[in-house]
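Working notes, structure below.
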Amino acid sequence: MDTNEKKQFFSEHLLAWYRKHRRDLPWRRSRNPYHIWISEVMLQQTRVDTVIPYFHRFTERFPTMEALANAPEEEVLKLWEGLGYYSRARNLQGAVREVQERYGGVVPDTLKEISTLKGVGPYTAGAVLSIAYNKPEPAVDGNVMRVLSRYFLIEEDIMKIGTRGIMEKLAKELIPEGAAGDFNQGLMELGAMVCTPRSPHCLTCPVMEHCAAREMGMEEELPVKKKAKPPRPEYRIAALIEGSGPQEGHILIRQRPQEGLLARMWELPHVEVPFGYADASGVPASISVLTEQLALETIGIRPGQGFMHAEHTFSHIHWDMQVVTCSLEPSVVPSGTGMLLPSHYQWVNRDTMEQYAFPNVFLKILKRYFSL
DNA sequence: AACGCGGGGCA
DNA sequence: TGCCCAGCGTT
């Protein structure tokens, strides 16, 4: 069997398999380009089961591009809370506004135009064009590279930029006439359900017969992928600053900077401390770092007792955080200013915290504190 | 080409 | 508990 026959076999059998076995997912119930676009952005680096409830809430609150374009950014961020990579949400809203203004409220249907939108790279562009408009463009994500690397025994490192190009060219050649949307979704569906990273379910695979990796017994060795660097550790100490008097039952929160990690999300005031400060014996030293740093922000605190320990792993950083309860130390606040706070600080209680978007690590601490 | 950017699932 | 899952923007 030559290469062209193997390609033809793959395309035909994968398409037929998908049409029979496709999961009934919320974003597969319409061809609304805007809804498909939302789902594809949410699905970047995020699994289907996680995305489903977010997709429902998001499309219910912002059913049209007009609704999303006109919404305050904080509300968009709040609906994205817990999903991670928050620039995806801001880019999506910015791109939708762009579509409203420049494309008359219609998601562009050409590769050139759609690729100019913020947050729309080669994968998302191909996915939206093929699924919403049935245009024969490849949509190469991690699933697709895994499937293709195995079936065609491609041993290039999939983390390399050039490998993407090889995969895209191949994926485009494989698209059956008039069936780009179903074929591309089938490729990803196979990667998610059958051709899994570990212990692939080859016996149920529609293209096992001609899978090169399977023939060589190499399905577990592919794709070849350079390992990511391990996250660097950071030691942090966070303050649960408890209000008193009018602020009884409230906790002080702080908004993060406009740019960078967790941009514009809300958090507990905290500081990074040098290695060694965060262990049991070092806690007193790290508390003084916290007190001094917050004093510079005109927040005077009197440290109380340890509340909990929290760990959180990002792709590139590991946070090891001690959380201590504190009370306010009014003497640090300049006299005459009363309870005036910097504008990026805010008191919240168990009800009003719902209005602010927090990264999961702080959400968990606050939920525990308020017994939610 | 290398790095920054979140969060969750599985053995 | 340690391993895995990865698109897009920026530099």
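Reminder, nothing fancy here: chain letters follow the sequence lines and each chain counts from 1.
If you check every strand for non-hydrogen atoms under 4.0 Å, A/Ile317 touches nothing. A/Ser87 comes within contact range of no nucleotide atom at all, as no heavy-atom separation falls under 4.0 Å. Residue contacts for A/Gln45: at a heavy-atom cut-off of 4.0 Å it reaches a base atom on one of the strands shown. Contact annotation for A/Asp49: no contact, since no heavy-atom pair falls under 4.0 Å across all strands.
Look at A/His312 and you'll find a side-chain N or O under 4.0 angstrom from OP1 or OP2 of B/dG7. The phosphate of B/dG4 (OP1 or OP2) has no side-chain N or O of A/His316 nearer than 4.0 angstrom.
In the hydrophobic clustering of this structure, A/Val106 groups with A/Val99; members are Ile, Leu, Val, Met, Phe, Trp, Tyr whose side-chain heavy atoms approach within less than 4.5 Å, directly or through other members. A single hydrophobic cluster is not seen to contain both A/Leu174 and A/Met208; linkage of ILVMFWY side chains at heavy-atom distances under 4.5 Å, directly or through other members, places them apart.
Atom C1' of nucleotide B/dA2 and atom CG of A/Asp157 are separated by 13 Å, given to the nearest angstrom. Between A/Arg198 atom CZ and B/dC10 atom P there is a gap of 10 Å when expressed in whole angstrom units. The interatomic distance linking A/Ile52 (CD1) with B/dG8 (P) rounds to 15 Å, in whole Å. At whole-Å resolution of the value, CD in A/Gln44 and P in B/dG6 are 13 Å apart. With rounding to whole Å, A/Glu220 atom CD is found 14 Å from B/dC10 atom C1'. As a whole-Å value, the separation of A/Leu43 CG from B/dG8 P is 15 Å. If you take CZ of A/Arg232 and P of B/dC3, they are 12 Å apart, rounded to a whole angstrom. Rounded to whole angstrom, the span from the CG atom of A/Leu83 across to the P atom of B/dG6 amounts to 11 Å.
C/dC4 sits 15 Å from B/dG6 when the C1' atoms are compared, rounded to a whole Å. Taking atom C1' on both nucleotides, C/dA6 is separated from B/dG4 by 13 Å, rounded to a whole Å. For the P atoms, the distance from B/dC5 to C/dC5 is 22 Å, rounded to whole Å.
Along DNA chain C, the stretch of nucleotides lying under 4.0 Å from any heavy atom of chain A spans, 5' to 3', C/dC4 to C/dT10.
When each of A/Lys367, A/Met353, A/Met265 is tested with A/Phe358 by the rule side-chain contact (heavy atoms from CB on, under 4.5 Å), just one qualifies, namely A/Met353. The side chain to side chain donor-acceptor pair (under 3.5 Å) test with A/Trp319 singles out one residue from A/Glu311, A/Glu272, A/Glu234, A/His312, and that residue is A/Glu234. Of the listed residues (A/Glu5, A/Glu12, A/Lys6), just one forms a side chain to side chain donor-acceptor pair (under 3.5 Å) with A/Gln8, and that residue is A/Glu12.
With DNA chain C read from its 5' end, the first of the two nearest nucleotides for A/Asn91 and A/Asn143 is the one closest to A/Asn143. Comparing A/Lys160 and A/Leu261 by the nucleotide of DNA chain B whose heavy atom lies nearest to each, the residue mapping closer to the 5' end is A/Lys160. Each of A/Gly162 and A/Ser199 lies near DNA chain B, and the nucleotide nearest A/Gly162 is the one positioned closer to the 5' end.
Between A/Tyr85 and A/Trp80, the gap from one ring centroid to the other reaches at least 6.0 Å.
Side-chain atoms of A/Arg150 do not come within 3.5 Å of backbone N or O of A/Cys211 as any donor-acceptor pair.
Proximity of A/Leu268 to A/Leu240: side-chain heavy atoms (C-beta onward) are separated by under 4.5 Å at one or more points.
At a non-hydrogen distance threshold of 4.0 Å, nothing from residues 118-126 of chain A comes into contact with DNA chain B.
Between A/Phe152 and A/Phe10, the ring planes are tilted. Angles from 30° to 60° get that label. Using a 30° and 60° split on the angle between ring planes, A/His270 and A/Phe362 fall in the tilted class, from 30° to 60°.
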